[in-house]
> 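Below you'll find the structure I mean.
The analysis underlying the following values was restricted to heavy atoms, covering all of them including side chains, and did not include hydrogens, waters or symmetry mates.
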Amino acid sequence: MRVATWNVNSAKSRLPRLLPWLDERAPDVVCLQETKLSDDDWAKELDGPIRERGYEVAHHGQGRWNGVALLSRVGLVDVVRGLPEEPEFDGSLDARAITATCGGLRVTSVYVPNGRTPDDPHYGYKLRWLESLRHLVSAGDPATTVVAGDMNIAPTDADVWDPAVFVGSTHVTPPEREALAALEATGLADVVRDRWPTERVFSYWDYRAGRFHKDLGMRIDLVLCGSDPAGRVQAAWIDRKARKGSGPSDHAPVVVDLDAAPDGDIGPVVPPPSTPARIPGR
């Protein structure tokens with residue numbers, strides 16, 4: 001089974017990229033984030049072409065903001081939108097999580113709040129949201145759980161191109177990293193980093209200043225797996241090809257192959273950057 005996650009940064013805008021990618025990579029389960037569509041608009045724009053490719057679809061939308069989806073060719077049952085005791089922000093709930101059972105695994109697609117700045121109310125909301133996500137995993141069977149998506153957290157300094165640039169910013173603060181570690185402590189493994197413990201691996205590159213071409217990125221899109229799927233991993237990699245060319249998302253898909261690796265044990269980033277920037281001390 002091939003499991004993938006991708007922050008598409010507007011599903012409608014990315015449709016010319018998403019559909020060929022589904023055809024080429026043939027993932028069995030796909031977690032999408034930042035769809036930026038209501039459920040009605042998703043159904044109108046995307047349901048048809050995605051279902052034609054053999055996927056069942058569940059979407060949790062919010063119009064212009066947020067939005068998450070699950071696509072599955074191995075079953076999609078017991079769909080739950082949102083989190084237990086999910087915190088509100090500015091008096092409303094965001095569309096940031098959707099869960100379903102796919103091929104015997106309980107899969108959650110997540111778009112963790114950004115946090116903005118450490119002194120912004122959104123930062124406290126981010127930490128509360130992560131706590132609610134941890135409760136979701138703990139209340140189920142962590143062994144058969146997959147949590148995949150845009151975590152908006154770089155787990156360690158090795159997951160950003162230059163730690164000095166991010167001092168005082170979100171994504172790297174100790175409370176965020178501690179919240180992520182607490183989530184993993186429920187029994188989840190960061191399977192990409194486990195497979196490539198010392199490699200330079202990024203999944204997000206800002207559109208500005210040619211950062212993608214310089215490979216000045218961050219690894220904030222994660223696939224966290226319980227003991228069952230983690231023990232079945234044959235390959236784990238970032239599909240950098242999907243970030244290239246015209247009209248890309250600023251994120252690349254993360255792909256994890258369970259039981260068999262159709263493309264071999266490739267990675268960690270495919271294709272690798274041609275001229276990665278040299279970071280002092282890295």
> In Å and rounded to the nearest 0.5 Å, what is the CD1 to CD distance from Ile238 to Glu199?
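Taking CD1 in Ile238 and CD in Glu199, the distance rounds to 12.0 Å.
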> As an exercise, state the distance from CG of Asn9 to NZ of Lys36, rounded to the nearest 0.5 Å.
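If I round to the nearest 0.5 Å, the distance is 4.0 Å.
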> Which residues satisfy the side chain to side chain contact (heavy atoms under 4.5 Å, CB included) test with Pro271, sequence neighbours excluded?
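Checked Pro271 against side chain to side chain contact (heavy atoms under 4.5 Å, CB included); matches are Arg240, Lys241, Lys244.
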> Check step by step if side-chain contact (heavy atoms from CB on, under 4.5 Å) holds for Asp206 and Asp250.
CA-CA 6 Å; Asp206 196 297; Asp250 43 2; over 6 Å; no
> For Val165 and Val160: C-alpha separation, side-chain torsions, deciding distance, then whether side-chain contact (heavy atoms from CB on, under 4.5 Å) applies.
CA-CA 9 Å; Val165 171; Val160 297; over 6 Å; no
> State plainly whether the residues Arg25 and Asp239 are in salt-bridge range, i.e. N to O under 4.0 Å.
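Yes, Arg25 and Asp239 are salt-bridged.
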> Kindly indicate whether the side chain of Val80, heavy atoms from C-beta on, has any atom under 4.5 Å from the side chain of Arg106.
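Yes, close enough: below the 4.5 Å cut-off.
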> Quick one: CG on Leu83 to OG1 on Thr99, what's the gap to the nearest 0.5 Å?
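It comes to 7.0 Å.
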> Can you find a pair of side-chain heavy atoms, one from Leu258 and one from Val233, that are under 4.5 Å apart?
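With C-beta onward as the side chain, the pair touches.
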> Check this for me, if you would: do Lys44 and Asp40 make a salt bridge, where the nitrogen-to-carboxylate-oxygen distance has to be below 4.0 angstrom?
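No.
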> Are any of the side-chain heavy atoms of Tyr123 and Pro175 separated by less than 4.5 Å?
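They are in side-chain contact.
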> Would you call Asp257-Arg2 a salt bridge at under 4.0 Å N-O?
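A salt bridge is present here (some side-chain N lies under 4.0 Å from a carboxylate O).
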> Judged by modelled atom types alone, do Asp94 and Tyr125 share a side-chain donor-acceptor pair under 3.5 Å?
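Per modelled atom types, Asp94 and Tyr125 side chains form a pair under 3.5 Å.
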> Any side-chain heavy-atom pair from Val223 and Val146 closer than 4.5 angstrom?
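In contact.
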> Check whether any side-chain heavy atom of Cys31 lies under 4.5 Å from a side-chain heavy atom of Leu70, and answer yes or no.
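Yes, side chains in contact.
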> Considering only NZ, NE, NH1 and NH2 on the basic side and carboxylate oxygens on the acidic side, decide whether Arg128 and Glu131 come within less than 4.0 Å.
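Salt bridge absent between Arg128 and Glu131.
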> Partners of Arg195 by side chain to side chain contact (heavy atoms under 4.5 Å, CB included), sequence neighbours excluded?
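So Arg195 forms a side chain to side chain contact (heavy atoms under 4.5 Å, CB included) with Ala236, Asp265.
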> Could you tell me the separation between the CG atom of Leu18 and the OG1 atom of Thr35, rounded to the nearest 0.5 Å?
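Rounded to the nearest 0.5 Å, the CG-OG1 separation comes out at 11.0 Å.
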> Taking NZ, NE, NH1 and NH2 as the nitrogens, is one of them in Asp157 or Arg177 under 4.0 Å from a carboxylate oxygen of the other?
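A salt bridge is present here (some side-chain N lies under 4.0 Å from a carboxylate O).
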> If you measure from NE2 on His251 to CG on Leu32, what distance do you get to the nearest 0.5 Å?
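Rounded to the nearest 0.5 Å, the NE2-CG separation comes out at 12.5 Å.
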> With rounding to the nearest 0.5 Å, note down the distance linking OG1 in Thr186 to CG in Asp141.
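Thr186 OG1 to Asp141 CG: 10.5 Å, rounded to 0.5 Å.
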> Set out, in order, the CA-CA distance, both residues' side-chain angles and the distance that settles side-chain contact (heavy atoms from CB on, under 4.5 Å) for Asn7 and Ile220, then state yes or no.
CA-CA 10 Å; Asn7 179 325; Ile220 58 176; over 6 Å; no
> Just say parallel, tilted or perpendicular for the rings of His59 and Trp42, cut-offs at 30° and 60°.
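Judged by the thresholds at 30° and 60°, the geometry between His59 and Trp42 is parallel.
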> Answer whether the closest heavy-atom distance between the side chains of Phe89 and Pro113 falls below 4.5 Å.
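No, side chains not in contact.
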> Give the intermediate values and the outcome of side-chain contact (heavy atoms from CB on, under 4.5 Å) for residues Thr108 and Val137.
CA-CA 9 Å; Thr108 302; Val137 175; over 6 Å; no
> Could you check whether any side-chain heavy atom of His171 comes within less than 4.5 Å of a side-chain heavy atom of Phe166, counting everything from C-beta outward?
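Heavy-atom side-chain distance check fails, nothing below 4.5 Å.
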> Are the side chains of Ile153 and Leu130 in touch, meaning some heavy atoms are under 4.5 Å apart?
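In contact.
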